[in-house]
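Accompanying notes for the structure given below.
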Protein chains: 2
Amino acid sequence: MSMDFAPPKYAQVMRAIQERIESGEYAPGDMLPSETQLVRELGVGRTTVVRALQTLAMQGWIEREHGRGSFVKGRPESGADRVRPSLSTAEQGENADSLVEVTRVPAPRHVSRLLGVAERTPVIVRKRVARQSGVPSAVETVWIPLEIAVGTDLDKPEPLRNGIRRHLQAVKHLRFDHITERVSARRPTKEEAELLGSSNPVLGVLATVHDPAGAVLLAMSLALPGSLHELEDVFKVS
Amino acid sequence: MSMDFAPPKYAQVMRAIQERIESGEYAPGDMLPSETQLVRELGVGRTTVVRALQTLAMQGWIEREHGRGSFVKGRPESGADRVRPSLSTAEQGENADSLVEVTRVPAPRHVSRLLGVAERTPVIVRKRVARQSGVPSAVETVWIPLEIAVGTDLDKPEPLRNGIRRHLQAVKHLRFDHITERVSARRPTKEEAELLGSSNPVLGVLATVHDPAGAVLLAMSLALPGSLHELEDVFKVS
DNA sequence: CATAACCACTTGTGCGGACGAGTTGGCGGA
DNA sequence: TCCGCCAACTCGTCCGCACAAGTGGTTATG
């Protein structure tokens with residue numbers, strides 16, 4: 001009668017141990033019960049316990065030392081995902097305020113390079129201003145090839161409430177697979193300076209969005225005022 | 001007689017399959033031999049084959065589909081490690097040309113924050129200029145607490161041939177565990193502008209280096225001219 | 001002809017047992 | 001006292017077997 005969908009036992013063992021770590025019952029540095037003890041306590045085979053422990057070790061929850069035991073390390077840090085400005089730009093919903101203009105122009109040289117099309121091929125440009133509590137905090141310029149934009153609302157001057165990624169996903173089933181992003185420092189262009197209300201240095205982000213096959217779906221150029229944005233990153237040495 | 005150090009069998013199975021993928025014998029999309037076939041071919045138990053295949057799947061070499069088979073995906077991409085300017089600064093060897101000055105000064109406010117010491121605590125400052133084919137490409141200012149610098153050559157105005165990390169490792173057995181890095185855009189300071197020969201916008205990098213316990217070993221502030229540096233990053237969506 | 005049952009294949013999970021090897025502490029002999 | 005050996009513990013690997021469950025093609029049935 002019951003749905004009776006049981007996760008595999010080794011996963012249950014993992015969960016049990018993770019919960020004890022998170023609750024503090026097993027503190028960092030503590031030795032875990034030995035495999036044999038866990039077998040008795042949990043009523044499963046050693047194969048199962050070992051599989052659970054080895055997976056936890058791979059994920060960084062515990063450390064295993066041959067001949068000594070298994071030791072708690074703590075909840076693994078997720079690698080502290082960096083903030084990805086281009087990803088926010090792809091996700092962010094638009095409103096009448098943020099959308100500056102939508103035009104169709106021949107692709108300038110640097111954009112045609114990013115999109116992999118011939119120079120001066122017509123492309124759609126969506127220009128937007130992101131604001132934080134009213135203050136302009138970024139100018140986002142998105143370049144979309146016509147083949148991609150056709151049949152969507154990307155070339156229409158109305159705000160996309162759900163953002164670019166969700167719109168393309170819903171209307172044309174296009175999947176954003178990965179993004180390459182290049183960050184530098186530069187002066188804002190004249191237009192960016194006007195929209196931002198300042199010509200102080202900006203972080204210039206150039207990004208291309210790719211589908212699973214690696215083809216470029218669209219490109220974007222962001223101007224983030226240096227006084228408002230810091231991109232933080234934590235990483236292990238060697 | 002022989003050293004006769006044999007890696008575990010499951011690792012040998014993994015290697016065998018990886019090699020066949022890299023050689024092209026198994027092309028992306030191909031179905032791998034079934035577990036039973038591998039058992040017969042390689043003369044090991046199914047447990048061993050399964051462990052190898054499941055590990056390969058976790059690492060992204062292959063995909064496994066219940067009831068259908070295992071399929072080649074290809075060599076997993078390493079996540080395309082981003083360039084870490086602060087890491088280069090820690091590793092880079094110095095020479096008479098690059099070292100600008102080594103002084104002892106009271107920590108200014110923002111540095112004392114980074115180092116977690118009281119304002120105006122004396123600290124060592126090493127200032128260097130990185131060059132690429134003669135052109136100044138970065139100004140690197142490193143701030144080191146006295147406790148760390150004592151007993152090392154960090155407070156001496158001679159170039160450290162092997163770089164800061166290796167020097168601290170060799171002399172005081174201090175291990176660099178992780179680094180947090182914050183990137184922004186700003187104008188260079190007057191001194192940076194002089195050393196760089198330009199006052200165009202720079203990427204400003206503030207970084208702190210931590211030991212395994214999380215304690216701050218040193219801090220650094222880098223000025224990378226925007227016209228010379230792009231930080232590239234590739235990442236998966238969602 | 002459409003459908004259902006069946007079969008041969010695949011991977012997923014689980015058990016018990018076995019042996020190897022590293023670690024630790026205690027016990028006895030020198 | 002000091003040192004070496006050994007037993008008892010730990011994890012690492014491997015095996016054979018078993019059964020569940022998903023997939024795809026063939027065959028029997030209505």
Side-chain angles (χ1 to χ4, degrees), chain A residues 1-18 20-21 26-74 76, chain B residues 1-18 20-21 26-74 76:
Chain A
M1 279 310 111
S2 67
M3 275 283 305
D4 140 341
F5 169 70
K9 288 200 190 174
Y10 72 90
Q12 295 179 33
V13 173
M14 286 178 59
R15 279 233 347 181
I17 296 175
Q18 284 169 343
R20 292 183 193 180
I21 291 178
Y26 297 159
D30 283 5
M31 182 175 163
L32 286 178
S34 77
E35 295 170 359
T36 331
Q37 285 174 322
L38 286 172
V39 165
R40 276 199 292 271
E41 181 191 343
L42 303 174
V44 297
R46 188 165 90 105
T47 313
T48 308
V49 169
V50 167
R51 183 169 178 184
L53 292 178
Q54 275 173 338
T55 308
L56 286 175
M58 277 203 258
Q59 298 181 353
W61 288 83
I62 64 173
E63 246 174 69
R64 286 163 68 71
E65 292 181 41
H66 191 170
R68 304 211 332 117
S70 299
F71 301 85
V72 178
K73 277 180 68 177
Chain B
M1 288 308 117
S2 65
M3 274 284 305
D4 154 343
F5 169 71
K9 287 200 191 176
Y10 72 89
Q12 296 179 33
V13 173
M14 287 178 59
R15 278 238 338 182
I17 295 174
Q18 285 168 343
R20 293 182 191 180
I21 291 178
Y26 297 159
D30 283 4
M31 182 174 163
L32 286 178
S34 78
E35 295 171 358
T36 329
Q37 283 175 319
L38 287 172
V39 164
R40 275 201 291 271
E41 180 190 345
L42 303 174
V44 297
R46 189 163 90 104
T47 313
T48 309
V49 169
V50 167
R51 183 170 178 185
L53 291 177
Q54 275 173 338
T55 309
L56 286 175
M58 277 203 259
Q59 297 181 353
W61 288 82
I62 64 174
E63 244 174 71
R64 286 163 68 73
E65 293 181 42
H66 190 171
R68 304 211 333 116
S70 299
F71 301 86
V72 178
K73 277 179 69 181

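Per chain, numbering begins at 1; letters A, B, ... match sequence-line order. In this text, all values refer to a predicted model and were calculated from it rather than measured experimentally.
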Pairing residues for B:R64 by the side chain to side chain donor-acceptor pair (under 3.5 Å) criterion, not counting sequence neighbours: B:E35, B:S70

Terminal contacting nucleotides, 5' and 3', DNA chain C versus chain B (heavy atom, 4.0 Å): C:dT10 to C:dT13

Pair B:F71-B:E65, side-chain contact (heavy atoms from CB on, under 4.5 Å): steps then yes or no: CA-CA 8 Å; B:F71 301 86; B:E65 293 181 42; 4.0 Å; yes

Stepwise side-chain contact (heavy atoms from CB on, under 4.5 Å) test for A:I62 and A:K73: CA-CA 5 Å; A:I62 64 173; A:K73 277 180 68 177; 5.7 Å; no

Side chain to side chain donor-acceptor pair (under 3.5 Å) against A:Q37, all qualifying residues, sequence neighbours excluded: none

Residues A:R20, A:E41; criterion salt bridge (charged side-chain N to carboxylate O under 4.0 Å, His left out); working and verdict: CA-CA 14 Å; A:R20 292 183 193 180; A:E41 181 191 343; 2.8 Å; yes

5' precedence on DNA chain C between A:Y10 and B:E65 (nearest-nucleotide basis): B:E65

Chain A footprint on DNA chain D, 5' to 3' - any atom under 4.0 Å from a heavy atom: D:dT10 to D:dT13

Salt bridge (Lys or Arg N to Asp or Glu O under 4.0 Å) involving B:R40 - partner list, sequence neighbours excluded: none

Close residues, residues 32-51 of chain A, relative to DNA chain D [heavy-atom separation under 4.0 Å]: A:S34, A:E35, A:T36, A:R46

What donor-acceptor contacts under 3.5 angstrom involve side-chain atoms of residues 47-60 of chain A, with partners at least two apart or in another chain?
residue : atom : partner : partner atom : Å
A:T55   : OG1  : A:R51   : O            : 2.7

Rounded distance [0.5 Å steps], CH2 in A:W61 versus CD1 in A:I17: 11.0 Å

Using atom types as modelled, flag every donor-acceptor pair under 3.5 Å from a side chain in residues 7-16 of chain A to any protein atom, sequence neighbours excluded.
residue : atom : partner : partner atom : Å
A:Q12   : NE2  : A:P7    : O            : 2.8
A:R15   : NE   : A:E19   : OE2          : 3.4
A:R15   : NH2  : A:E19   : OE2          : 2.6

